[in-house]
Structures are given as C-alpha cells and as structure tokens.
Amino acid sequence: MANSNTANEATYTNTSILIVGTGFAGLGMAIKLLEMGINDFTIIERAKDVGGTWRDNRYPGAACDVPSHLYSFSFAPNAEWSRVYPIQPELETYLQSVADKWQLRKHIRFNHTLMEARFDEASAHWLVHTSSGDFRARFVISGNGGLAEPKLPDIAGVENFAGHHFHSANWDHNYPLAGKRVAVIGTGASAIQFVPEIAGGPAKLSIFQRTPNWIIPRGDRPYSRFEKWIFKHIPITRIILRAKIYCQNETRVLGMVLHPAIMNLFRFSAVRHIQRQVADPAMWPKLTPNFPVGCKRILVSNDWYPALQKPNVELVTKGIKEIREHSIVTNDNVEHELDCIIFGTGFYATDNPIAGMIYGRDGRQLSQVWKNGEEAYLGATVHGFPNFFFIVGPNVTLGHSSMVYMIETQVQAISRILLEADAKNAATVEVKLDVQQTYNEKLQKILGGSVWATGCDSWYKHRSGKITQLWPGFTFTFRRWNKKFNSADYIFNTANK
Ligand code: NAP
C-alpha cells in the first residue's frame, strides 16, 4: 500500500490518509474508509495493541458508566455483553474483535508514537514524524483520545517521592499493595472504581480528597443467559434496549443544559445515597459537594462509601501541602508516612499535549492557537490546519451519554468532507475562520447557561474558564448539525492539485 520517498532528507512513507490511534475513534474512522472503498490509509498506534482508553485503563474495577448496549458501535452490536455496564476487559476484547473483523491490523503501525505533524505548504501534505518512522499524508485524522495523557498533580514536591507510585492509567499490577501504607490522591471517576477493589489489601489506605463528587447508585447487574439468548436471536430486543438507554440519557440534557434547576432532583437521590450508606453522620458533610449536581461529572457507585468506612481506610480532607520522600504532608501539618502513592488525578483534557505537536499553515502551532482555550468547528476542523481532522476534538465530550455515538457522527461528517474534497478535486480543505468563530460563539452562549457553568472547577474547563470539552445539547442535535453539511463553510483549494 505505502511506498517511500525522500523529501527534505527524511524518508517518508506515503499514505493518503493517516489516522492516529486505535480506540473507538481510530477504528471507527478506518472502517468508514473501507466502506467508502478507500484502502490507502495507515493507522499509527503508540501501543502494541488496539483499544485506546480501554487498553490503557486496566486498573482494578475499571468499567464504563454508560451501559454496554449503547456504548458500542451501532454497526457492530454485541449480544454477549456480560452486564449492564461493560467492564474494561470486555471493552478491550470488543475493540480487538472489531479490528479483527474488519481486518484493520494490516493498516496499523504499532509502537509508533506521534511526535510531530507539520503541514507542508509546497506539497499540501502533512509530514508526520513518529517514534518509529515518518509519514507523508494528504489527510491526517486524529483519534488521539480526549483523556489519553495521564496527569500528575501540581503538588509541591511531587517529584521527590521516593516510594512506589503510579497513575491509575498506568496501573502497576506487579506491585503488591497488601500490608503497605498506600495513599490515593484523587476521588474522581477512576478512583471511585479502583478504591473499593483494593481497599481490603493495604495495612493502611489514605484517600486524599480535594473535592467530593456527587455520586448516585449504580444500577448494574449481570445479563442472564436467557437475556443474552434473546438479544442474539431476536435482535429487535437489543435494538429496543439500545434506543431506550439512548432516550433515557438524552433526557438528562433537559437539566444539564436547558433548565439546570432540574438537577436538584438528582441531589435528593445523591444525598439519600450518602445517608443510607454512611453510618457516621459526622462524615456526611465531608462527602457532600458544595456545587450543583452535574457541574462536575456525576459519578455512579454502590461500593465507594462502604470502602471509605473500612477500618484500615482513612479519608483525608485537609488538603495536601507537600509531598516528601516518604510522606504526604497535609495543610494541618500532619505527616502521613507512605510506601506507595496511587495517582487518580485524571488526564490532560484541556491543554492536550498533542496540540503542541501539530503545526499548520505558516508553521503555526496548534497549542499557540489554542492558548486561550481549544476551539474547532463541529469539534473536528480548525482554521489554519488544512486537511487535519479531530475526532473527539473540542466541545464533543458528553456529560450525559455515549461517546461512541458522537464518534460515529464525526466519522460520518469527516467522510462527507473527504468526498467533497475529491469531488471538487481540491488539494486542501479548511474551515473558514468566520464559520468557526460563529459556531463557537453560539456554543459558548449555550454553555454559559448550563449546569457546567454553575461554579465548580472541572476538567471540562480550560484554565481561562472557557468550557472547551463539552457538547452543550442533545446528541441528535450534534448529528443534525453535522448532517447539514454545507460546502460553503469550507475553503476548498485546488492550487496544488
Ligand atoms: P478526574 O475526574 O479528573 O479526577 C481527578 C481527581 O484528582 C479529582 O478528584 C481531583 O480533585 C484530584 N486532583 C487533581 N489534582 C489534584 C491535586 N493537585 N491535589 C489534590 N487532588 C487533585 O480523573 P479520573 O477520575 O481519571 O476521570 C477522568 C474522566 O475519565 C472522568 O470524568 C470520565 O469522563 C472518564 N472516566 C470514566 C469512567 C467511567 O466510565 N466509569 C471511569 C474512569 C474515568 P478535584 O475534583 O478537586 O479537581
């Protein structure tokens, strides 16, 4: 498929389309290209197998909090999901089976980490430098993942800790926690899943909470053999279930975006959850957030509060002053001696490091263009970066439903643009600046009235305060806006053809 040539003293492998990543986004895009009859594409993957987030996040208890029958490709249903909420190994296997079914592995270059992508004006191609070789591509489609770069906390002395330490996204399964003094920093979606799984092991488990989250009960259960049989042999039942989950999730938009006061209904359920599960009323205030439900991601768990009450577990809420060689010191000057720190401190969501690697027209660096907050048109294209597309770019993440739906929407949208570029015989396609600006002004206006703007810090927000991660509406509206493809929104340039 690919051949090599020499340009600017480097050896490039030529490929028409270069996809970054093999999570839902990268695999979904590749399948769409095959469906369009396009075979000349290459996928680069930094790891040695496919799976993206569901390959990397293999901490104990890792699972998705969107039900399995919705959190999967519409064109690759799976009647065999073991439970309502899919667990990490099942999702990883699912993505591997998708890669195998569509024979995608022959397109994938494993152990190829993206280092730089630079638009070459003269050839109207992207020159892509990776850890294991360079590519020259007409189009680059990045499915790099919105939550793929683990983040360590900006705590004084964090680099000085001499004990064992790892991030939830790089779990060290070889390190025995049994009998150790272990700290967990962070109480987000990842920590509330792994803490209950490990809580019984350490001699002492200290959980450092900066902000409590709103947590509601998790309606999880295994699917019975009978249910799986029905899903397999009467596919309409599976389709109806998917539609039901989808519709239920969409109703949350009413509270999150349109009428944030509705979110108070969830507050009642979340407060009851604390009071039912936590025996000591003195703990209730520590576990009750001071921001509206939904401002930060609503978490689902039945075993987080019970884990906090185990005799060897301590919830530390005084705030961390510094990390020393063998301890964490809190703001009340108490020194917590430790053998191990587990960082459940999330990811670079805004300020994604990939933006520092991408150079568009006139050598402009995407991280500079985005220094006041990321923005794109329909979360996919950025003015000044011709022939470059993001899947799950700015303002595409959801606070209420399945990202796979959004990914499928974007894959369709990108395929429409690729077809149009070919129909117009265009060397490059690029969104118009005014179109991008008008779109983002509209989004920010809607976001300003949403629950996410009601006064909390979250990874949904850039440090400037702008909400750059979330799509502010129904997912079907996102699909409708994408389907209303208007070629006048883009500059199709034939100059280099
Ligand atoms: P996160 O939600 O960003 O949580 C990070 C945690 O670390 C927060 O509790 C945060 O406290 C704390 N933290 C960060 N810096 C700190 C510092 N300097 N000092 C003290 N504490 C600090 O990260 P995550 O739990 O990995 O989850 C990220 C996202 O991944 C989720 O929101 C979700 O979208 C996705 N995810 C989904 C699932 C699922 O489907 N079930 C599971 C895991 C992850 P503050 O709150 O005070 O900032």
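Residue numbers count from 1 along this sequence. Not measured: the values here are computed from a predicted model. Remember, it's 1-based here, ligands and their atoms both numbered in the order they're listed.
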Ile155 near ligand 1 by a heavy-atom separation under 4.0 Å: yes
Please compare Pro150, Ser190, Pro289 and report which has the shortest non-hydrogen distance to atom 27 (O) of ligand 1.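 Ranked by closest heavy atom to atom 27 (O) of ligand 1, first place is Ser190.
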In terms of ring plane angle, is the pair Trp471 and Tyr439 parallel, tilted or perpendicular, where the classes change at 30° and 60°?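 Taking Tyr439 first and then Trp471, their aromatic rings lie parallel (interplane angle under 30°).
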Under 30°, 30 to 60°, or over 60°: which ring-plane class applies to Trp171 and His173, parallel, tilted or perpendicular? tilted
Can you list the ligand 1 atoms lying under 4.0 Å from a non-hydrogen atom of [X]?
X: Tyr59; result: 42 (C), 43 (C)
X: Thr187; result: 6 (C), 8 (C), 9 (O)
X: Gly186; result: 6 (C), 7 (O), 9 (O), 12 (C)
X: Asp154; result: 18 (N)
X: Leu147; result: 29 (C), 30 (O), 34 (O), 35 (C)
X: Phe347; result: 26 (O)

So which protein heavy atom does [atom] come closest to, and at what separation?
atom: atom 23 (O) of ligand 1; answer: Gly346 CA, 3.1 Å
atom: atom 14 (C) of ligand 1; answer: Arg210 NH2, 3.7 Å
atom: atom 4 (O) of ligand 1; answer: Gly188 CA, 3.7 Å
atom: atom 46 (O) of ligand 1; answer: Lys296 NZ, 2.9 Å
atom: atom 36 (N) of ligand 1; answer: Ala189 CB, 3.9 Å
atom: atom 47 (O) of ligand 1; answer: Thr211 OG1, 2.4 Å
atom: atom 3 (O) of ligand 1; answer: Trp459 CD1, 3.5 Å

Any sub-3.5 Å donor-acceptor pair from Lys48's side-chain atoms to Asn111's backbone N or O?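 Not a single qualifying donor-acceptor pair exists.
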Tell me whether Lys151 forms a cation-pi arrangement with Tyr348, defined as NZ or CZ under 6.0 Å from the six-membered ring centre and within 45 degrees of its axis. yes
For ligand 1, which is the ligand I care about here, please tell me if [X] has any N or O atom under 3.5 Å from one of the ligand's N or O atoms.
X: Ala63; result: yes
X: Ser168; result: no
X: Asn213; result: no
X: Gly344; result: yes

Tell me whether the centres of the aromatic rings in [X] and [Y] are closer together than 6.0 Å.
X: Phe347; Y: His167; value: yes
X: Trp54; Y: Phe24; value: no
X: Trp370; Y: Phe385; value: no

Does Phe73 form a ring-ring contact (aromatic ring centres under 6.0 Å, His included) with Trp102? I'd like the steps, not just the answer. CA-CA 13 Å; Phe73 285 125; Trp102 274 271; 7.8 Å; no
Between His326 and Glu337, do the side chains contain an N or O donor and an N or O acceptor separated by less than 3.5 Å?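 Note: His326 and Glu337 side chains miss the donor-acceptor criterion.
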Establish, from distance only, whether the side-chain atoms of Gln96 and Asp49 form a donor-acceptor pair under 3.5 Å. yes
Counting heavy atoms only, which part of Gln193 comes closer than 4.0 Å to ligand 1: side chain, backbone, both or neither? side chain
Of all heavy-atom pairs between Ala62 and Asn57, which one has the smallest distance, and what is that distance? CB-O, 3.4 Å
Exercise: identify the closest heavy-atom pair between Asn302 and Pro217: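 Taking every non-hydrogen atom into account, OD1-CA, 3.4 Å.
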